[in-house]
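Throughout, protein chains are lettered first and strands after them, A, B, ... in sequence-line order, and every chain is numbered starting at 1. Everything numeric here is computed off the predicted structure, so don't read it as measured data.
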Number of protein chains: 2
Amino acid sequence: MATCRYAPIVPSPDPAPLRLSVDRSSPVPLYFQLAQQLESAIETGGLAPGSLLGNEIELAGRLGLSRPTVRQAIQSLVDKGLMVRRRGVGTQVVHSQVKRPLELSSLYDDLLAAGQRPATRVLRNSVAPASAQAAATLGVPEGSEVVVVERLRLAHGEPMAHLTNHLPPDLLPLSTADLEATGLYRLMRGAGITLHSAQQTVGARAATAEEGRLLAEPEGAPLLTMQRTTYDAKGRAVEFGSHIYRASRYAFEFRLLVRT
Amino acid sequence: MATCRYAPIVPSPDPAPLRLSVDRSSPVPLYFQLAQQLESAIETGGLAPGSLLGNEIELAGRLGLSRPTVRQAIQSLVDKGLMVRRRGVGTQVVHSQVKRPLELSSLYDDLLAAGQRPATRVLRNSVAPASAQAAATLGVPEGSEVVVVERLRLAHGEPMAHLTNHLPPDLLPLSTADLEATGLYRLMRGAGITLHSAQQTVGARAATAEEGRLLAEPEGAPLLTMQRTTYDAKGRAVEFGSHIYRASRYAFEFRLLVRT
DNA sequence: AAGTGGTCTAGACCACAGA
DNA sequence: CTGTGGTCTAGACCACTTA
């Protein structure tokens, strides 16, 4: 039957065949528990890049789960770009060090996370007739009243960005004190608004004299520009922003997954 | 039992309750057929923004499918940001006009799609020792040989961008003629390379005199910069690019989905 | 030929929202 | 309380890859 031409079955390259277990008394879904364990194994190196995960049916049997549940766990990691499936081959960990995809975060939180001591100076917090662009993106009649917030964002006391936001009226109360203490997205989440997605356009242009004065850059200095419309879970636009950043101090980093 | 206080059950707001059907003899997966029909119904307005999709079990019965299959179809649309599910409520179409997420496309294809008559001038196509940055991102030893391609991208005869790419040696043959006829990504896909994801950093800076000469901009003009590392399905870096774009002619547009 | 993931079924029970 | 989506099971057959 078998011949010696075949190489012996090589066990998983990792010494310990990976400790996996699920807690059925936990309220956390089983597929989610498994996905978390696999993800942390990838992060800590317990699952080496390129290594094959055992086949789904065997894995399901070992854990006492059904195959669909195991598939759901693996699929969530594939969606995150951490693993790749190939029919007839198996499921393997991708080779690259994958950075987590950028969350929809505020500049304030980005600066906080980078240890940059962010601060905000509110230049304007008022209600005004909507411009054509703001009205179109927020889905309100042109000229109807919207909240307009204009802020200067500082890090270590140095200006970083000038942020102009338009919001629907009555979405949430925005006190100037709150706006100086934290970021807009944090306030919105705190008010029970679920942020869901955003459409962004990033470009560049030269600073006007006025913009240069605000940002401590010479006139004509390169600025990064971003226009962003943010939607809640129901797809309603909850914020339209038009921002400029000092190019010398800031860049955008993000990850694209190819749709398959 | 029932009282007149309740409003009558309102039928689906759309006049025709949506024509859905699947072809079991087709090789296209059933869940995919359903997802496509729902997506096109959303695009054409057959499923109005905000409208509720009938519940999953009823929908499955109507189509002669099992509930998991129907769920898989709906889930794929939720992942695309086209629908939202709420427990106890139902599944509804998001309100906003959702643009398709940006694919990992080449500038060449972007320009083609915009009817911009793209052209490429190859300034360099050679093998050279890897710089520290290129070596680190491509995962090859510093100083080992990599392919370096430098191109000027034109639209309607006007320069748009200056593109510098580094590729692992022996990944694919790159003739200057091919590079002038199409985009790099198209060549890579044609060579059987599956592009999977990319990590991008977008910033801005002022043009040097040399860059200004290449792009027909004055020295000091604002430029958009992008550095991009592209990975294949196994997570290996297949390309590292460092590009500059005329800010007066180009901006990046993309969509962020909040992870839940 | 053997092994893998891809798809699909027909049920089940639970948690949560809304009337 | 009723209806919804969220999770889960224990199978099944198929298509593809590899040897």
Side-chain angles (χ1 to χ4, degrees), chain A residues 1-10 12 22-35 51-79 83-93 192 194 233-234 260, chain B residues 1-10 12 22-36 51-61 63-79 83-93 192 194 233-234 260:
Chain A
M1 25 165 12
T3 124
C4 349
R5 302 281 305 280
Y6 290 100
I9 308 286
V10 183
S12 184
V22 293
D23 173 10
R24 301 197 86 102
S25 69
S26 159
V28 178
L30 301 178
Y31 80 90
F32 196 83
Q33 293 183 36
L34 177 54
S51 66
L52 277 166
L53 200 63
N55 80 64
E56 297 172 348
I57 296 171
E58 182 269 345
L59 188 56
R62 186 145 59 92
L63 287 166
L65 297 172
S66 69
R67 186 182 168 207
T69 302
V70 171
R71 275 184 69 79
Q72 192 175 2
I74 294 175
Q75 189 58 46
S76 71
L77 298 181
V78 171
D79 290 341
M83 305 190 116
V84 183
R85 288 205 235 238
R86 281 187 296 162
R87 178 148 47 178
V89 177
T91 303
Q92 53 185 313
V93 180
T194 305
K234 289 185 193 162
T260 51
Chain B
M1 23 169 8
T3 127
C4 347
R5 303 279 306 280
Y6 291 99
I9 307 287
V10 181
S12 184
V22 293
D23 172 10
R24 301 196 84 101
S25 68
S26 160
V28 177
L30 301 177
Y31 79 90
F32 197 83
Q33 292 183 37
L34 177 54
Q36 281 187 317
S51 66
L52 277 166
L53 199 62
N55 81 63
E56 298 172 347
I57 295 170
E58 183 269 344
L59 189 56
L63 287 165
L65 298 173
S66 70
R67 185 180 170 211
T69 301
V70 171
R71 274 184 70 78
Q72 190 175 2
I74 295 174
Q75 188 59 46
S76 71
L77 298 181
V78 172
D79 290 341
M83 305 190 116
V84 183
R85 289 205 235 237
R86 280 185 298 163
R87 177 146 50 179
V89 177
T91 303
Q92 55 185 311
V93 181
T194 306
K234 289 187 190 161
T260 50

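Taking atom CD of A:Glu56 as the reference point, atom P of C:dG5 lies 5 Å away to the nearest angstrom. The separation between A:Phe32 atom CZ and D:dC8 atom C1' is 17 Å, rounded to whole Å. The interatomic distance linking B:Ile57 (CD1) with C:dG11 (C1') rounds to 10 Å, in whole Å. Remark: P of D:dG3 and CG of B:Leu59 are 18 Å apart, rounded to the nearest angstrom. The distance between atom CG of A:Leu34 and atom C1' of D:dC8, rounded to the nearest whole Å, is 14 Å. In this structure, CG of A:Leu30 is placed 20 Å from P of C:dA12, rounded to the nearest angstrom. Residue B:Met83 contributes atom CE, which lies 11 Å from atom P of D:dG5 at whole-angstrom precision. Distance A:Arg86 CZ to D:dA19 P: 11 Å, rounded to the nearest Å.
Checking the phosphate oxygens (OP1, OP2) of D:dG6, a side-chain nitrogen or oxygen of B:Arg85 falls inside 4.0 Å. The phosphate of D:dC8 (OP1 or OP2) has no side-chain N or O of A:Tyr31 nearer than 4.0 angstrom. When the side-chain nitrogen and oxygen atoms of B:Arg24 are compared with OP1 and OP2 of D:dC14, none of them lie within a distance under 4.0 Å. A sub-4.0 Å separation between OP1 or OP2 of C:dT4 and a side-chain N or O of A:Asn55 is present.
Between D:dG5, C:dT7, C:dT4, one nucleotide has an atom nearer to the side chain of A:Arg87 than all others, and that is C:dT4. Checking C:dT9, D:dT9, C:dG5 against every side-chain atom of A:Leu65, the shortest atom distance belongs to D:dT9.
Between A:Arg24 and A:Leu30 there is a side-chain heavy-atom pair separated by less than 4.5 Å.
Here the CG atom belonging to A:Leu59 is positioned 6.0 Å from the CG atom belonging to A:Leu34, to the nearest 0.5 angstrom.
Between A:Met83 and A:Leu53, the closest heavy-atom pair is CE-CD2, 4.0 Å. Summarising the geometry of B:Val28 relative to B:Ser26, their closest heavy-atom pair is N-OG, 2.9 Å, with the distance given to 0.1 Å.
No donor-acceptor pair under 3.5 Å is formed between the side chain of B:Gln92 and the backbone N or O of A:Lys234.
Non-hydrogen atoms lying under 4.0 Å from DNA chain C are contributed by B:Ser66, B:Arg67, B:Pro68, B:Thr69, all within residues 66-76 of chain B.
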Please list, one pair per line, the donor and acceptor atoms closer than 3.5 Å that link side chains of residues 67-75 of chain B to other protein atoms, with sequence neighbours excluded.
from, atom 1, to, atom 2, distance (Å)
B:Arg67, NE, B:Glu56, OE1, 3.0
B:Arg67, NH2, B:Glu56, OE1, 3.1
B:Thr69, OG1, B:Ser66, OG, 3.2
B:Arg71, NH1, B:Glu56, OE1, 3.3
B:Arg71, NH1, B:Glu56, OE2, 3.1
B:Gln75, OE1, B:Arg85, NH2, 2.6
B:Gln75, NE2, B:Asp79, OD1, 3.1

